Amino acid sequence: MTDLALRPSQPAAAPQPKPRYTVADRAPRRLSDFLLRWETILVILLAAVIIGNTLLSPYFLDLYNLADTTYNFSEKAIIALGMALLILVREIDLSIAAIMALAALAIGSLAAHGVAPPLLILAGLGVGLLCGAVNGLLVTRTGVPSIVITIGTMSLFRGIAQVTLGDQALTTYPDSYLALGQSYFITMPPTPLSFLIFLVLAIVFGVVLHGTAIGRQLFAIGANPVAARFAGIRVDRLRFALFTLSGLLAGLAAVLLTARIGVVRPNIALGWELDVVTMVVLGGVAISGGVGTILGVVLAVFVLGLATFGLSLMNVPGIVINVLLGLLLILSIAAPIVIRRFFGRF
Amino acid sequence: MRVCSGFDAALIRPAGHLLPFTREKENTPLFHLNRPLMPSDPVLTLAGISKSFPGVRALSDVGFSLYPGQVTALIGENGAGKSTIVKTLTGIYLPDEGSLTVGQEAKHFSSPRDAWAAGIAAIHQETVMFDELTVAENIFTGHMPGGTLIDWAEARRRTAALLKRIDADFKPETKLKRLSVAQQHMVEIARALSHEAKVIIMDEPTAALSSHEIQELFRIVDQLKAEGHAILFISHKFDEIFRVSDRWVCLRDGEKVGEGLTRDVREPDLVRLMVGRPVDQIFPKRALTIGETVLEVEGLSNATEFEDIGFTLRRREILGFYGLVGAGRSEVMQCLFGMSRPTRGRVTLEGRPFVAKAPADAIAAGIAYVPEDRQHQGAVLPLGIRENTTLASLGAHVRYGFLSRNSERAATRMLGTRLAVKAAHWEQRLGELSGGNQQKVVIAKWLATKPKVVILDEPTKGIDVGSKAAVHDFIGELAEDGLAVILVSSELPEVMGLADRIIVMHEGQMVTAVTRGGPGWSAEAIVAAATGADHQAVAA
Amino acid sequence: MKRLATYREIILAAIIAVMVIGISIVAPAFGTRDTFVAVLNDTAFLFMMALAQMIVILTRGIDLSVAANLALTGMLTAMVAEHHPDLPIIVFVVLSTVIGLGLGLINGGLVAALQIPPIVVTLGTLAVFRGMIVVIGGGAQVDGANMGANFQLLPKLTVFGLSSIFWIAVLIAVACWLFLTRTRPGRGLYAVGCNPVAARYCGIDLGRQQLIAYAISGAVAGLSGYLWVARYGVAYVEIATGYELTVIAACVIGGVSIGGGVGSVAGTLLGALFIGLIVNALPVMQVSPFWQMAISGAVILLAVIINARAEARPDKLILPRARREAARVGA
């Protein structure tokens, strides 16, 4: 603190008694701060994944292979963006996969009746939005933890899909609708629509979260919901909006997934909620709220997506890949804690 | 490195000449040297206790003793180190330096269990109990009778006996959440007794009690005293200290500045010791013409918390709200601020009816509320100074839809400098600042909303003396700048030093309102009203 | 110490009774002894797992890895049986419990020592445990024919027509009840869940309590794994997929608070029984079994909403009582 007094004082903005010391505008930039940022760790992890895979498989860097692999994670990644905001404000939505099932059911049934693709898309988005709003209402009105509410709505939404569909599958879709999910939206470089949507949304989310007043308010809610409310932030309104948004994104993911696989069963997207939460947590968004970046989530999406792709190129079964991803999740959270504990504070 | 004891240090301060006491060495009676001060050997002796936290020296070379059958009052302002003493004695903090002696044995408490084992039990300031568990379990958690299997019959029997001993009228099986605050305190006392404690620490036990309940507590204190327990009694209220204590020890800024027999000391002397200078000097003198009415409140009521609150507030006026903790003052203010809805009543702001459905409405209308609980309601500790300062006024920094960092920085620099916030840089996390500087940032956040009415709820609670003076000066400046200020405080000198008028609340109702220099403007009258003495007389 | 059942448990029991009577009237086939035996036998796993989950939730935690633990332990035990079909039953019981306990200790260790949020830890171990089945078993399933007679004997034993699995669940329930009401570590779970700071003041170690909770959860899941595989006569990767959520649902319906510190053995058993009844009643009532999920979802939501109403934080009640009454009448 003493060295502060030695710095030249800057002109005060208003006529004041001259301050005894000057407070710097910005934190001193230190290399260790940059290196210890979660995003830096993720970039290193991503580089390791890419280099490792390139060395192990000649097919990894093939442009079309890479494009095709984005199909496997783009839908989840889209939902992860909404989940990131929810976890940032200390909430969670475990019902997203069930919302997808319900939205996919709506799309599939309407398609079976010959409804046109634009309406199918609207139906998917609408069902998602509605389900999300139900979650939001229940969470903000009852004050019950969202993990409990969304476990309930998860059963409810998927249950409704099961009741309606039984053991049937919906398999008739207009070709123009299937084309959304099964052909490249841009041919060079080959880019599927779902990946393009993810990229655009990631930029939008990043800009809103890190550049606007709403984003700042979300950080404040996550860091201290009570103080946020005292500061005039309409906490419940924002929470409701985030759950609705999460539902809408699940609806969008359902539209893309249905178009890609061309079949809807009640167990569609089963277990996705845990994959999505893994993406977000690995992305550095703290379960305890108030900490996280969209960049981190995007990097985590790529780390998980490319690691999965690389391992599958090496014929590692999907469930074994899950072991590695589970370990990655635990180790990436545990390692910084262990390092900090053994080497003191950085 | 300071080598002299706390008391000597006080003597060399500017205020030292005010102290009527001198002393040769530790544990020598201060007064009436030929009268026996200590009826027997001390049960507990602290010597040379020091404790530091990052950035704060909480205790510095503190030493005193507790004697069986005596109540020792530990006095000092908020932040003087009283709670740190309690936590040191109960094994929650490990002191950096110094020794604890229980009986003849030197002790080293590394956990609360060690403190219990040594016969020290505490009734904490914030109740540390289990709402969902029964009275018996709250008393015996941590030292249940029986071996691996709990002997519930024995626990119940002993609980019943303990409750009978302190004349408590509830059952061992009752869940704690069904009890009143006063009854919960009884449970804590029973818990202390269950440890066969030789030393019982009471950390502001009367803060949330009604006057009747306080009398009840004193009865128990007298009883414990008669049974030979040593009691360390911590309180801000001098009437209580003079009522129950035999001896006193005074702390200021983490150092002991005096001790002695209660019967030999007068209140003004203690106040001077606590504060370190005559009380009058603290507060800025203001000679202002009070302006036009800004806020009018009529018959504001809530079904369970307060009723029929009415007052007017004018520009350049400081209106004090005084009362005991739990008198309903914060509830009234939070209602005005839109945190809760009144069941009845009318609020007029600048001549127009005003209804706040949420704090956002109140902020938009020009009301700012600096909450009582800084840690939970005021500060967002993980965020930086800049982010905290602009949090309630983000709209002012939006350019083309985005937040402008430059605009935020300019506002932060301006307000932070004006409030003399001490920090390394404006991006520093609020959690890294001292309590006083956190409070300054919280106040800055509210000033950034450009309010017409500023409500400050216990603005100096738990902050150091230096920051306190800065906040006091600043409250005066706010009024000079033409704002209307409501000051809610439990510290009488603060309210009387700053406010133009004082409204006294008791049990959710306004008992009286006094104007500076008018009838009833005396500490005795205001305290009497706040403790319900007046009120009960009127009711009877 | 406590009354046998709280008010809300009596209500839940009443609802279950009304349901049983109602279903029996609509579908007389339901009201037979055989059905009740079937319901209890079927729900036995849920009884055990829900009790173990409750112990974790009491500490403000959650264990999402229980179903994966069950599947992994079941597979490992089955593989041992495949190679040594003549081992006595007790070996399988002990072995599965120990394996499950080990897996639970991994969760507990990460939660207690590193204080990583339990949902993150058990989300990770959920994937790891489930995947290890393939890594260790090579993705093949173990059929009942290869497990040996001893291995599959236990679930076939019955007492009063009820299977041994049910009686094991009863034993576990009694043990849980004794543990949670009569022992210091058991009460410590409530203390840390109710108020971690106060528990620390009372000398109760949070980490130790967490370790105990996850260890119990793991051990019960492991034992269930053996019983599950022995009962259904097959061990494969997808056993009990998603069962963790049913288990948590049983707790929530039974009045266990996700916020920690609140929950009872009786309530949890009733919550599990409720789900078990629905699962078994639907086919009898000729309702498509697909309704099961939707109904349990709706019930969870109803249960927590009613709970939230009942437990809404009361005001501070500052006004003297007489004034409060007056204000209420006036308003």
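Keep in mind that what you see is a predicted model, and the values were worked out from it rather than measured.
- For the set C/I248, C/I258, C/T241, the count of heavy-atom pairs under 4.5 angstrom toward chain A peaks at C/I258.
- Taking chain C as the reference chain and counting heavy-atom pairs below 4.5 Å, the highest number among A/I321, A/D275, A/I160, A/T153 is found for A/T153.
- Contact annotation for A/L138: only side-chain heavy atoms (C-beta onward) come within less than 4.5 Å of a heavy atom of chain C.
- Residue contact with chain C, scored on non-hydrogen atoms closer than 4.5 Å, involves the side chain of A/I287 exclusively.
- Among the candidates A/G166, A/P317, A/A334, A/A161, the residue making the largest number of heavy-atom pairs closer than 4.5 Å to chain C is A/G166.
- In terms of heavy-atom pairs under 4.5 Å with chain C, the best-connected choice from A/R158, A/M154, A/Q162 is A/Q162.
- Put simply, of A/L327, A/L156, A/L94, the one with the most heavy-atom pairs under 4.5 Å next to chain C is A/L156.
- Tested against A/V277, the residues C/L64, C/L123, C/V120, C/I119 include a single side-chain contact (heavy atoms from CB on, under 4.5 Å) partner, C/L123.
- Of residues 131-138 of chain C, those residues with a non-hydrogen atom less than 4.5 Å from any non-hydrogen atom of chain A are, in numerical order, C/G131, C/M132, C/V134, C/V135.
- Among the candidates A/L329, A/T164, A/I92, the residue making the largest number of heavy-atom pairs closer than 4.5 Å to chain C is A/L329.
- Contacts between A/I147 and chain C at a heavy-atom distance below 4.5 Å involve the side chain alone, from C-beta outward.
- Using a 4.5 Å cut-off between heavy atoms, C/I62 touches chain A through its side chain atoms alone.
- Here the CG atom belonging to C/N107 is positioned 7.5 Å from the CD1 atom belonging to A/I330, to the nearest 0.5 angstrom.
- Other residues, nucleotides and ligands place no more than 12 heavy atoms under 6.0 Å from the CZ atom of A/R265.
- Interatomic distance, CD of C/E244 versus CG of A/L274, reported as 7.0 Å (0.5 Å rounding).
- Proximity to chain A is limited to the side chain of C/V237, based on heavy atoms less than 4.5 angstrom apart.
- Across all non-hydrogen atoms, the minimal contact from A/S155 to C/G297 is CB-CA, 3.4 Å.
- For C/T246, no part lies under 4.5 angstrom from a heavy atom of chain A.
- For C/L114, the parts lying under 4.5 angstrom from a heavy atom of chain A are both the backbone and the side chain.
- Most heavy-atom pairs under 4.5 Å with chain C, from the set A/L270, A/L324, A/L165, A/D167: that is A/D167.
- Residue with the most contacts toward chain A among C/G124, C/P117, C/A113: C/G124 (heavy-atom pairs, distance under 4.5 Å).
- Closest heavy-atom contact between A/I149 and C/L301: O-CD2, 3.5 Å.
- Of the listed residues C/A298, C/A127, C/G259, the one with more heavy-atom pairs under 4.5 angstrom with chain A than any other is C/A127.
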